[in-house]
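So that the names make sense, note that chain A is the first sequence line, chain B the second, and so on, each numbered from 1. Source: prediction; values computed, not measured. Worth knowing before you read on, the calculation uses all heavy atoms, side chains too, and leaves out hydrogens, waters and symmetry mates.
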Amino acid sequence: MRASQFFISTLKEAPADADITSQKLMLRAGMIRKLAAGIYNYMPMGLRTIRKIEAIIREEMNAAGAIECLMPVVQPAELWQETGRWQKYGAELMRVKDRHGRDFIFQPTSEEAITDIARGEIKSYRQLPVNFYHIQTKFRDERRPRFGVMRGREFTMKDAYSFDRDEASAGVSYDKMFVAYHKIFNRLGLTFRAVKADTGAIGGSRSHEFQVIADTGEDAIAYCPTSDYAANIELAEALSLNASRASPVLEFGKTPTPGKEKCEDVAALLNLPLSRTVKSIVLAVDKADDKGNPLPADIWLLLIRGDHELNEIKASKIAGLGKDFRFANESEIIEHFGCMPGYLGPIGLKKPVKIVADRTVATMSDFVSGANEEGFHFTGMNWARDLPEPDFIADIRNVVPGDPAPDGNGVLAIQRGIEVGHVFYLGTVYSKPMNATFLGENGKPQLLEMGCYGIGVTRLLGAAIEQNHDDKGIIWPDAMAPFTVAIAPMGYDRSEMVKTAVDTLYSDLKLAGVDVLLDDRGERPGVMLAELELIGIPHRVVIGERGLKDGKVEYQHRRDAAAAVVDVSEIAAFVKAKLVAFK
RNA sequence: CGGGGCGUAGCGCAGCCCGGUAGCGCGCCUGGUUUGGGACCAGGAUGUCGUAGGUUCGAAUCCUAUCGCCCCGACCA
């Protein structure tokens, strides 16, 4: 492609409403333009990258036996009412009425539509297994769109849905996708990690997220460098840090701690490590009588070691506490503890509360906790001796670096990631309400076993940039780059020597099928080079009279600190040898 | 949805407090000189100051409403 025949539109300064690096760079490089909050135009440069990502996804999905189809963006409400998601999905589901007043939605995902296809078309076990996918525009009316294309409202997603005769077969389908996803993200040239993920309301055990590693990621990943354990921190299991509970050594006592409301302050005052303190977190679960009138909320006390953090997802899995807990308000706390937050603890309650101790807390001895009296903490507290054993012992904290790995093969480390893919075993969650059945070998109808598999195509652009950029701009992996090679002529229109060398290389690379951009716009060198770097084309050849006099041109990878001088006669072969596609 | 902030030229911003001819940098257009790291000189174009009301002789500026956008949080997965 000649740049003069293409559309390059860069910005020296990023628009003020861009917040993160990838969004700023995509705007500056002219890949996207914002149309509304969370809604973007994809400019020619950006679309080239999207198409490259899609092509790789298609190839690998097809290779894994999935079959492409295309479901509409606008779907009738009835399907969503069948599964109950018309209500459950909430305001994030974009609803629209047609001219007759009939309800439709903009698809945020396509389980309903594909299940409707499946129940109509799949009649026999002989048609199974089958996996359909499409690459289609999604719309989720996010409360707060942000991070550019990484959390937009409109985005492109590849979503695949597998149908199987039984759970064992569904597991095979799942594993195929798991492998295909590794191939896709490897081919895209990204550093990523497949991590165990929370299965949320759907339940079940099979769910993995594919996280692109980047410090700016929204998700925290716990992994074990010496084994293959990796999980989203929401899910990563925290073992007790004490092998067993040590025998009490200290006397139980009350210590004045005026003004020391945080564990850190109390530990400092008492000259104890933070790991000897226990913090109290008070949660409430609202109750109502048969008529829906509110009753006093159930109050729960969660105990976490002073240097740990509550994991709300884990807490929500405690029987009785459930998903609908909230933090208790001040009056509830005073009513049950007789004290304001800051000095709360499990001893000396005014009213009974349910006490949950984190696994580590349950094995602590001689610990420090609030005395339920302003300005005082208890020290030398011991389970059984000074207070009853906790009602519940559970894993309710986030793992921290250095924790033992749950698989017993080392210690955990934590890094941040951007979720770009998710594979999920669904079971019959959708086939059941929609009555999607097939006839089994026994001639009887059975529910289809399903799995779903998503890849955020447009989010991948942002994730790749978050992972691969420097202060000059984007550094695309070869497979995603809008152009793989840039030729930067110094004086294309002024020097016959330059023009000849440039044109020769350009046609040679084009003939070889390389995606090459010839910058023939006549920009000054500084502008041209700065823009090519901003756009992030990974390979660049600079050709000017200065070098050609000695028969030399320059090659530089976007990550190289300096250019390599290459014989003009060898440059085409030299470049091809550098390309991932030719390796 | 709660809290905070911002809407002035394509982009980045000043002007607003204290009402009186709408500005700066970049970009853009024309001509010239330049051409190996975001050139220089000369000339030029571009705004219903987000929108609608109100106050006033007079509103970008003060008041009210409204829309849009951004940030933090909550929510969602």
Side-chain angles (χ1 to χ4, degrees), chain A residues 8-20 23-24 27-30 33-40 85 88-93 108-109 111 138 140-148 150-151 153 155 157 159 195 197-203 207-211 217-219 232-235 312-313 316 323-327 417-424 452 454 456 459 471-473 487-495 498 502 519 521-535 540-549 552-554 556 562-563 565:
Chain A
I8 295 175
S9 181
T10 61
L11 256 28
K12 267 192 175 175
E13 288 177 285
D17 55 14
D19 44 335
I20 57 163
Q23 186 186 14
K24 286 179 186 166
L27 286 162
R28 288 191 51 210
R33 289 288 180 256
K34 194 167 94 169
L35 188 60
I39 300 177
Y40 291 87
R85 288 213 291 180
K88 268 187 279 179
Y89 217 100
E92 214 169 282
L93 183 64
T109 170
E111 281 84 1
K138 300 288 182 290
R140 294 182 190 173
D141 200 358
E142 293 272 348
R143 287 185 188 203
R144 182 144 99 85
R146 53 184 148 173
F147 307 142
M150 294 213 288
R151 192 176 278 278
R153 292 194 288 175
F155 57 98
M157 183 164 92
D159 39 328
V195 308
D198 182 47
T199 50
I202 291 168
S207 173
H208 285 87
E209 291 167 350
F210 286 76
Q211 299 270 358
E218 281 194 275
D219 291 318
N232 192 307
I233 200 160
E234 293 173 344
L235 185 78
E312 295 184 28
I313 299 229
S316 72
K323 248 188 98 160
D324 298 321
F325 68 79
R326 58 176 169 82
F327 287 95
I418 300 163
E419 182 189 346
V420 293
H422 200 156
V423 293
F424 210 121
C452 66
R459 180 179 277 189
D471 54 352
K472 290 175 180 169
I487 304 176
M490 300 291 116
Y492 187 69
D493 294 323
R494 296 190 310 278
S495 162
V498 169
V502 164
D519 196 342
R521 296 175 298 165
E523 290 287 352
R524 295 172 59 84
V527 173
M528 174 163 55
L529 298 175
E531 289 193 350
L532 292 175
E533 280 158 356
L534 173 62
I535 292 164
R540 185 182 75 192
V541 179
V542 175
I543 299 178
E545 282 194 341
R546 197 173 74 185
L548 281 178
K549 281 177 191 155
K552 304 288 187 188
V553 298
E554 291 164 27
Q556 187 169 359
V565 177

Nearest to side-chain heavy atoms of [X], which nucleotide of [options]:
{"X": "A:A16", "options": "B:C13, B:G38, B:C75", "result": "B:C13"}
{"X": "A:R146", "options": "B:C69, B:A74, B:G38", "result": "B:A74"}
{"X": "A:R144", "options": "B:G25, B:G73, B:G37", "result": "B:G73"}
{"X": "A:E234", "options": "B:C72, B:C13, B:A77", "result": "B:A77"}
{"X": "A:L529", "options": "B:C71, B:A74, B:G37", "result": "B:G37"}
{"X": "A:D219", "options": "B:C69, B:G12, B:A77", "result": "B:A77"}
{"X": "A:A37", "options": "B:G37, B:C70, B:C76", "result": "B:C70"}
{"X": "A:A36", "options": "B:G73, B:C69, B:G38", "result": "B:C69"}

Can you confirm whether [X] sits close enough to [Y] that some side-chain heavy atom of one is under 4.5 Å from a side-chain heavy atom of the other?
{"X": "A:M490", "Y": "A:E554", "result": "no"}
{"X": "A:D219", "Y": "A:I233", "result": "no"}
{"X": "A:K34", "Y": "A:P15", "result": "no"}
{"X": "A:Q556", "Y": "A:V542", "result": "no"}

Considering only atom [atom1], compute the distance from [N] to [M] and round it to an integer number of Å.
{"N": "B:A22", "M": "B:U48", "atom1": "C1'", "answer": "13 Å"}
{"N": "B:G15", "M": "B:C1", "atom1": "C1'", "answer": "35 Å"}
{"N": "B:C24", "M": "B:A45", "atom1": "P", "answer": "13 Å"}
{"N": "B:C40", "M": "B:C26", "atom1": "P", "answer": "8 Å"}
{"N": "B:G25", "M": "B:U8", "atom1": "C1'", "answer": "15 Å"}
{"N": "B:U34", "M": "B:C71", "atom1": "P", "answer": "48 Å"}
{"N": "B:A65", "M": "B:G47", "atom1": "C1'", "answer": "25 Å"}
{"N": "B:C49", "M": "B:A59", "atom1": "C1'", "answer": "11 Å"}

With a 4.0 Å cut-off on heavy atoms, is [X] in touch with a base, just the backbone sugar-phosphate, or nothing at all?
{"X": "A:R28", "answer": "base"}
{"X": "A:E419", "answer": "nothing"}
{"X": "A:G547", "answer": "base"}
{"X": "A:A14", "answer": "sugar-phosphate"}

Within the modelled atom types, does a donor on one side and an acceptor on the other bring the side chain of [X] and the base of [N] under 3.5 Å apart?
{"X": "A:E545", "N": "B:G36", "result": "no"}
{"X": "A:E13", "N": "B:G25", "result": "yes"}
{"X": "A:R540", "N": "B:G37", "result": "yes"}

Check whether [X] reaches the backbone of [Y] with its side chain - one donor and one acceptor, N or O, closer than 3.5 Å.
{"X": "A:E531", "Y": "A:V527", "result": "no"}
{"X": "A:R153", "Y": "A:A37", "result": "yes"}
{"X": "A:R33", "Y": "A:L27", "result": "yes"}

Mind calculating the distance between [atom1] ([X]) and [atom2] ([N]) to the nearest angstrom?
{"X": "A:E142", "N": "B:C72", "atom1": "CD", "atom2": "P", "answer": "14 Å"}
{"X": "A:F147", "N": "B:C76", "atom1": "CZ", "atom2": "P", "answer": "17 Å"}
{"X": "A:R33", "N": "B:G27", "atom1": "CZ", "atom2": "P", "answer": "16 Å"}
{"X": "A:K88", "N": "B:C76", "atom1": "NZ", "atom2": "P", "answer": "14 Å"}
{"X": "A:E218", "N": "B:C76", "atom1": "CD", "atom2": "C1'", "answer": "11 Å"}
{"X": "A:E531", "N": "B:G27", "atom1": "CD", "atom2": "P", "answer": "11 Å"}
{"X": "A:F327", "N": "B:A74", "atom1": "CZ", "atom2": "P", "answer": "9 Å"}
{"X": "A:R521", "N": "B:C28", "atom1": "CZ", "atom2": "P", "answer": "11 Å"}

| request: State the CD-CD distance between A:E218 and A:Q211, to the nearest 0.5 angstrom. | output: 10.0 Å
| said: Rounded at 0.5 Å granularity, tell me how far CE in A:M150 sits from CD in A:E419. | reply: 12.0 Å
| Whichever of A:V527 and A:I313 has its nearest RNA chain B nucleotide further upstream toward 5' | A:V527
| First encountered from the 5' end of RNA chain B, between A:P145 and A:A530 | A:A530
Watson-Crick or G-U wobble partner of [N], both distances under 3.5 Å:
{"N": "B:U30", "result": "B:A42"}
{"N": "B:A9", "result": "none"}
{"N": "B:C1", "result": "B:G73"}
{"N": "B:U66", "result": "B:G50"}

| field | Qualifying residues under side chain to side chain contact (heavy atoms under 4.5 Å, CB included), relative to A:P108, sequence neighbours excluded | value | A:W80, A:Y89, A:L93, A:I105, A:R140
| message | For B:C70 and A:K34 - does any side-chain N or O of the residue sit under 4.0 Å from the phosphate oxygens OP1/OP2? | response | yes
Pairs: protein N or O with nucleotides 31-35 of chain B N or O, under 3.5 Å:
unit_1, atom_1, unit_2, atom_2, d
B:U34, O2, A:R524, NH1, 2.6
B:U35, O2', A:R494, NH2, 2.4
B:U35, N3, A:R494, NH1, 3.3

| said: Under 4.0 Å between a side-chain nitrogen and a carboxylate oxygen: does that hold for A:R494 and A:E545? | reply: no
